*Asks:* 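Mind looking over this structure? Questions follow.
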Amino acid sequence: MFRLAHRPRLLVLALLCAGAPSLYAQIDVRMEIPRRLYICYEPIIATVTITNMTGRDLTLEDHPPDKWFSFEILNAGGLPIPPRAADYHLPPLTIPIGQTVKRKVNLVNLYPVTDYGVYHVRAAIYMAALDKYFASPVTGIEVSEGQTLWQQTVGIPDGQQNAGQYRNYELLSFRQEKDNMLYVRIEDQDAGVVYATLPLGRLINGYDPEAQVDTQSQLHILEMVAPKEYLYTRLGPDAEMLGQQDYTDLRTRPHLRRTADGDVGIAGGVVVQPQTAATMEAGPKLSDRPPGMPVP
């Protein structure tokens, strides 16, 4: 994955020229962002496709102060969003004649696109031989906030990494275009650090998710993702994925249960084996989502 940021000076004039066809060379740049609506601090994954249509092998490389790969992000008022870090370096990339390469970038790691509002995003590829940028079409995204369903602040016990710190666990509902989704957010509010804001699965009306924290400050979540289908997720204080398991209520409905020693587990229900779970139409799982640990 690229780890880069926006160039320090504006690309507006160069990008305006990028849409004009060249008689000598052409780079086709496309960018895909899966959907328009995102919850605050959720990873926003942009897939950038670069096709070499120059008629020869093409090597893309930095030509200071120009970077061969960059983004332009504007807010709703048309003002550019500054990067988290303006200085970066990428090794050169050679694309054979007629070939296409793809790269995925988490924009939240690179830009503070965490304020509520609309953003306009495009990727730009710089070709030093022509001193010219080739830009993707603009894609619009909107960042909003969900509705808090449950939250709890806990301390990290002695003997664990970051012992003595506090974590705020929060479950949020967020309405996407097709489904109402359940999200989990883990943050250190004192330090202003958001460790994760990630989707767990669909929310079914009338079935609130269950959440409990055990003696190790691990978060346990059980949610219904489809009729008779449940997803059990365990997370650590620093957003570590500790496990996920599918359940069904063919016999009894599963629920979270705290034991006498303070541990938390599942009571009732029937575990769905992996080969069976693959055929179920459950909601997306945390393990299926790209990582993202933005720092505000």
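These numbers come from a predicted model, not from an experiment.
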*Asks:* Without swapping roles, check the side chain of H220 against the backbone of R234 for a donor-acceptor pair under 3.5 Å.
*Replies:*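 Absent.
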*Asks:* State whether the side chain of Y169 and the backbone N or O of S217 hold a donor-acceptor pair below 3.5 Å, judged by distance alone.
*Replies:*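 Yes, the answer is positive, given that a donor and an acceptor are paired below the 3.5 Å cut-off.
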*Asks:* Is any side-chain heavy atom of V138 closer than 4.5 Å to a side-chain heavy atom of L74?
*Replies:*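 When only atoms from C-beta onward are counted, L74 and V138 do not touch, as no gap falls below 4.5 Å.
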*Asks:* Is it the case that the side chain of T252 and the backbone of G269 share a donor-acceptor pair, with hydrogens and angles ignored and the cut-off at 3.5 Å?
*Replies:*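 Side chain of T252 to backbone of G269, a donor-acceptor pair under 3.5 Å: yes, one is there.
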*Asks:* Kindly write out the residues that satisfy side-chain contact (heavy atoms from CB on, under 4.5 Å) with P92, not counting sequence neighbours, or none if the list is empty.
*Replies:*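 Per chain and number, P92 pairs via side-chain contact (heavy atoms from CB on, under 4.5 Å) with T59, E61.
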*Asks:* List in chain and number order the residues that pass salt bridge (Lys or Arg N to Asp or Glu O under 4.0 Å) with R30, two or more places apart in sequence or in another chain; answer none if no residue qualifies.
*Replies:*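 With neighbours one apart ignored, the set is D28.
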*Asks:* Check the side chains of E32 and T49 for a donor-acceptor pair under 3.5 angstrom, ignoring hydrogens and angles.
*Replies:*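 Side-chain D/A pair, T49 to E32: absent.
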*Asks:* Can you list everything that forms a side-chain contact (heavy atoms from CB on, under 4.5 Å) with N75? Sequence neighbours excluded, please.
*Replies:*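 N75 satisfies side-chain contact (heavy atoms from CB on, under 4.5 Å) with L79, I81 only.
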*Asks:* Check the hydrophobic clustering (I, L, V, M, F, W, Y; side-chain heavy atoms under 4.5 Å; chains of links allowed) and say if Y166 and L235 are grouped together.
*Replies:*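 In one cluster: no.
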*Asks:* Less than 4.5 Å apart, any side-chain heavy atom of V48 and any of F69?
*Replies:*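 They are in contact (side-chain heavy atoms under 4.5 Å apart), so the answer is yes.
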*Asks:* Going by distance alone, is a donor N or O of one side chain under 3.5 Å from an acceptor N or O of the other, for E42 and T197?
*Replies:*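 Absent: no donor and acceptor within the cut-off.
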*Asks:* Might you point out which heavy atoms bring V113 and V143 nearest each other, and give the distance in Å?
*Replies:*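 Where V113 meets V143 most closely, the heavy atoms are O-CG2, 3.7 Å.
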*Asks:* Any heavy-atom pair between the side chains of Y126 and D62 that's under 4.5 Å?
*Replies:*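 No, too far: nothing below the 4.5 Å cut-off.
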*Asks:* Which residues pass the side-chain hydrogen bond (donor to acceptor under 3.5 Å, both in side chains) test with N205, not counting sequence neighbours?
*Replies:*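 Once residues adjacent in sequence are excluded, N205 has no partner under the side-chain hydrogen bond (donor to acceptor under 3.5 Å, both in side chains) criterion.
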*Asks:* Tell me, do R202 and N180 make a side-chain contact under 4.5 Å, heavy atoms counted?
*Replies:*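 No, side chains not in contact.
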*Asks:* Would you call T233 and Q244 a side-chain contact if the rule is heavy atoms closer than 4.5 Å?
*Replies:*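 SC-SC contact between T233 and Q244 confirmed.
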*Asks:* For V271, give me all partners under side-chain contact (heavy atoms from CB on, under 4.5 Å), at least two apart in sequence or on another chain.
*Replies:*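 Listed in chain order: Q245, Y247, Q273.
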*Asks:* Name all residues meeting the salt bridge (Lys or Arg N to Asp or Glu O under 4.0 Å) criterion together with D131; count only those two or more places apart in sequence or in a different chain, and write none if there are none.
*Replies:*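 Expected list: none.
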*Asks:* Tell me, please, which residues at least two apart from R257 pass side-chain hydrogen bond (donor to acceptor under 3.5 Å, both in side chains).
*Replies:*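 So R257 forms no side-chain hydrogen bond (donor to acceptor under 3.5 Å, both in side chains) with any residue.
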*Asks:* So I186 and E240, do their side chains get closer than 4.5 Å, heavy atoms only?
*Replies:*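 No, every pair of side-chain atoms sits at 4.5 Å or beyond.
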*Asks:* Which pairs, with at least one residue in residues 153-163 and sequence neighbours excluded, count as a side chain to side chain donor-acceptor pair (under 3.5 Å)?
*Replies:*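 Listed once each, the pairs are T153-N168, Q160-Q216, N162-D238.
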*Asks:* Between F174 and Y183, what is the ring plane arrangement, given parallel below 30°, perpendicular above 60°, and tilted in between?
*Replies:*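 Ring orientation, 0 to 90° scale: perpendicular.
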*Asks:* Under the salt bridge (Lys or Arg N to Asp or Glu O under 4.0 Å) test, which residues partner D188, sequence neighbours left out?
*Replies:*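 Salt bridge (Lys or Arg N to Asp or Glu O under 4.0 Å) list for D188, sorted by chain: R167.
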*Asks:* State which residues pass side-chain contact (heavy atoms from CB on, under 4.5 Å) with E145; sequence neighbours excluded, sorted by chain then number.
*Replies:*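 Expected list: I39, C40, Y116, L172, R185.
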*Asks:* Any chain of hydrophobic side-chain contacts (each under 4.5 Å) joining V213 to L242?
*Replies:*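 No: no chain of side-chain contacts under 4.5 Å links V213 to L242.
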*Asks:* By side-chain hydrogen bond (donor to acceptor under 3.5 Å, both in side chains), which residues pair with E210, not counting sequence neighbours?
*Replies:*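 Result, side-chain hydrogen bond (donor to acceptor under 3.5 Å, both in side chains) vs E210: none returned.
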*Asks:* Side chains of F134 and M53: closer than 4.5 Å at any heavy-atom pair?
*Replies:*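 In short, these two side chains do not touch, never coming nearer than 4.5 Å.
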*Asks:* Can you sort out the partners of D249 under side-chain hydrogen bond (donor to acceptor under 3.5 Å, both in side chains), two or more places apart, ordered by chain and number?
*Replies:*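 With neighbours one apart ignored, the set is Y230.
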*Asks:* Would you check, one step at a time, whether the test side-chain contact (heavy atoms from CB on, under 4.5 Å) holds for F71 with V105?
*Replies:* CA-CA 10 Å; F71 288 92; V105 178; 4.0 Å; yes
*Asks:* Is any side-chain heavy atom of R122 less than 4.5 Å from a side-chain heavy atom of P137?
*Replies:*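 The answer is no; the side chains never approach within 4.5 Å.
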